[in-house]
Amino acid sequence: MNDTLGSWKRTHYCGDLRADHIGDKVCIMGWVQRRRDHGGLIFIDLRDRTGIVQLALDPDRDPEAHTKADRVRNEWVIAAIGTVSHRPEGTVNPKMKTGEVEIEISELRILNQAKTPPFMLDEYTDVAENLRLKYRYLDLRRPTVQRCLMMRHQVTRTVRNYLDEQGFLDIETPVLTKSTPEGARDYLVPSRVSPGQFYALPQSPQLFKQLLMVSGFDRYAQIVKCFRDEDLRADRQPEFTQIDCEMSFVDRDDVMDIMEAMIARVFKETINVELSLPMPRMAYAEAIDRYGVDNPDLRFDLELVEITDIVRGCGFKVFADVAGSGGMVKAINVKGGSGLSRKELDDLTGFVANYGAKGLAWVKMTADGWQSPIAKFFQPEELRAIEQALGAAEGDLLLFVADKPATTNQALGRLRQHLGQKLDLVKKGDFRFVWITDFPLLEWDEEQKRHVAVHHPFTAPLDEDIPLLDSDPGKVRAKAYDLVLNGSEIGGGSIRIHDQAIQQRMFNLLGIDDEEAQLKFGFLLDALSYGAPPHGGIAFGLDRLTMILAGTDSIRDVIAFPKTQKATCLLSEAPGEVDPVQLRDLGIRLAARAKS
RNA sequence: GGGGCUGUAGUAGAGUCGGUUACAACGCCGGCCUGUCACGCCGGAGGUCGCGGGUUCGAGUCCCGUCAGCCCCGCCA
């Protein structure tokens, strides 16, 4: 029924054929994108991963091939031998890379037929994502989707080459490993050999790469899968890939210098963008002060301005009360934003409510002064002071949040990012990097009534802040750094604690007593006591980095077989039930379902 | 755990105030066509309006619940 490949060998990819090939006899293979039947002449657009080329089948030239082409349908797999020829005068298609030529087919083989696909594999149809994911292998035939995965390949290739040149060794770390406290929820794997015990899939190879430093490998790097059992987002999947690095005998600047050069190489070799180095660096405290968040998008201004002191004694009770009780009042000036409708302002109020803000005060700057529900509460000199602080001019829109400092910063900071998108303040093709440094080492967790590590428990404190570990742990800054690109955290790392005594103190500060520390991290503490070099490292989110390079806003676009928001795979239907025998072997009995 | 958006032939959509047989496009099937390229022309088939319940003389349309996909909060050292 179908033809066999026989002795045919492919000579060219479809998308590579050009006028240079005119006169060549070629053999190409691929999928039928479309067939156009003119009664006599038949055209077939043949597609492979490189592109599309037009096949011309003339009944006068080869009746047998023409008859065969009559049966062919979309997505059938065919092979053809023919001669590359210039298209006749007036029929060149400038929209196609290969549009100057066509292949005059002399022999055609149908290698496989295809059912009519559940959706059209063209660039014009926007298909529902659940259908795309169920038939992902078809979705992945589409050039736009293929482009993303090819981009990903270019990123990993460039990274591997660079790290190899810089002397990093690629060493694999275990996937079946041990659950550790702190951090994200683990994916667990039951042990058959040790009933009742579980492996955990790594949230990152953190401990192992530190052990490799103790072993003297000096520079380690791995492109590696990590697993976190937390809820998904547009830029978060339960299994994702890190570019994971660790280096010995370095400080923060060494790591940042080497890594930003790697990122620059990636941008050059994937999208041919030249980045200027060094990348700017900004302390955490400054980022929070100016942008409200630790991942600021520097492609636009719209900075936060604190006016707590100005409104401390004002007649607007909401502001005055917050200012008088340790809270914070901040505002942003949306230049030329006074045209926003009441509905839009209500939407923005709803937006900040997501982040716990109880309200969003607004002022439209008009020729007649303040147009605002709160204008009447302020004295003229207060109005002027606020205008001056914000640089307000006619046509501007001022937006205010008053709350606890953390809430004010987060709500207004997220509002800033939101407005950047909504008001189209970002220029396409603009890449603004910033290293955020000097993160707090610890933060107080109100629910658990204890300190938790901001980065992770192995992050070293700044040398000058070590005395504060005892007196004021919340003030200690960490030797940690995040690389932020266009408001997205694409990587982060730190210099680690290489001193066993300090690591022990760190665990104590986190409320992990010696016994628990020994139980959970004993092997690390042991290793640190056998001559651990000063070391530090970083991990980049390969998926997020590729998203930005590919210009897409969903992490699923850069993953071949991604999971849905409920962490299921619509293609394989994972997760699924397992055979009772498998459970018995593992010593697992399922609890009765809570529902139904 | 919570908030929001979406769900109608294979696909992506329209469907008015609750009222006759649920529309047209693309795709599919058949026919015609020798220079098209998202070919064109003629004809045809194709529907559990996500699912369940309710209101009503009557529900794609209104109400309640539920499922799925997506976006967000919490969570993500």
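Chain identifiers are assigned alphabetically (A, B, ...) following the order of the sequence lines, protein sequences preceding nucleic acid strands; residue numbering begins at 1 within each chain.
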Please list, pair by pair, any protein nitrogen or oxygen found under 3.5 Å from a nitrogen or oxygen in nucleotides 10-12 of chain B.
{"residue": "G10(B)", "atom": "O2'", "partner": "P118(A)", "partner atom": "O", "Å": "2.6"}
{"residue": "A12(B)", "atom": "OP1", "partner": "A128(A)", "partner atom": "N", "Å": "2.6"}

Just call it for T568(A): base, sugar-phosphate, or nothing, with non-hydrogen atoms closer than 4.0 Å on any strand. sugar-phosphate
Atom pairs under 3.5 Å: protein N/O with N/O of nucleotides 6-9 of chain B:
none

Could you note down all residue pairs passing salt bridge (charged side-chain N to carboxylate O under 4.0 Å, His left out) where [range] supplies at least one of them, sequence neighbours left out?
range	value
residues 482-491 of chain A	none
residues 117-133 of chain A	E129(A)-R556(A), R132(A)-D139(A)
residues 44-57 of chain A	R36(A)-D45(A), R47(A)-E75(A)

Among residues at least two apart in sequence or on other chains, which ones pass ring-ring contact (aromatic ring centres under 6.0 Å, His included) with H12(A)? H21(A)
Sequence neighbours excluded, the answer for ring-ring contact (aromatic ring centres under 6.0 Å, His included) partners of H456(A) is F458(A)
Can you build the contact string for nucleotides 30-35 of chain B? Use B for base contact, S for sugar-phosphate-only contact, and - for no protein heavy atom under 4.0 Å. S--BBB
So which one's nearest nucleotide on RNA chain B is more toward 5', K563(A) or D231(A)? K563(A)
Side-chain donor or acceptor of R236(A) under 3.5 Å from a matching atom on the base of C75(B)? yes
Can you sort out which residues in [range] have a heavy atom within less than 4.0 Å of RNA chain B? Ascending by number, please.
range	result
residues 474-498 of chain A	none
residues 134-145 of chain A	none
residues 401-421 of chain A	Q410(A)

Check residues 352-359 of chain A and write down every donor-acceptor pair under 3.5 Å in which the side-chain atom is one partner and the other belongs to a residue at least two apart or another chain.
{"residue": "K358(A)", "atom": "NZ", "partner": "D403(A)", "partner atom": "OD1", "Å": "3.4"}
{"residue": "K358(A)", "atom": "NZ", "partner": "D403(A)", "partner atom": "OD2", "Å": "3.0"}

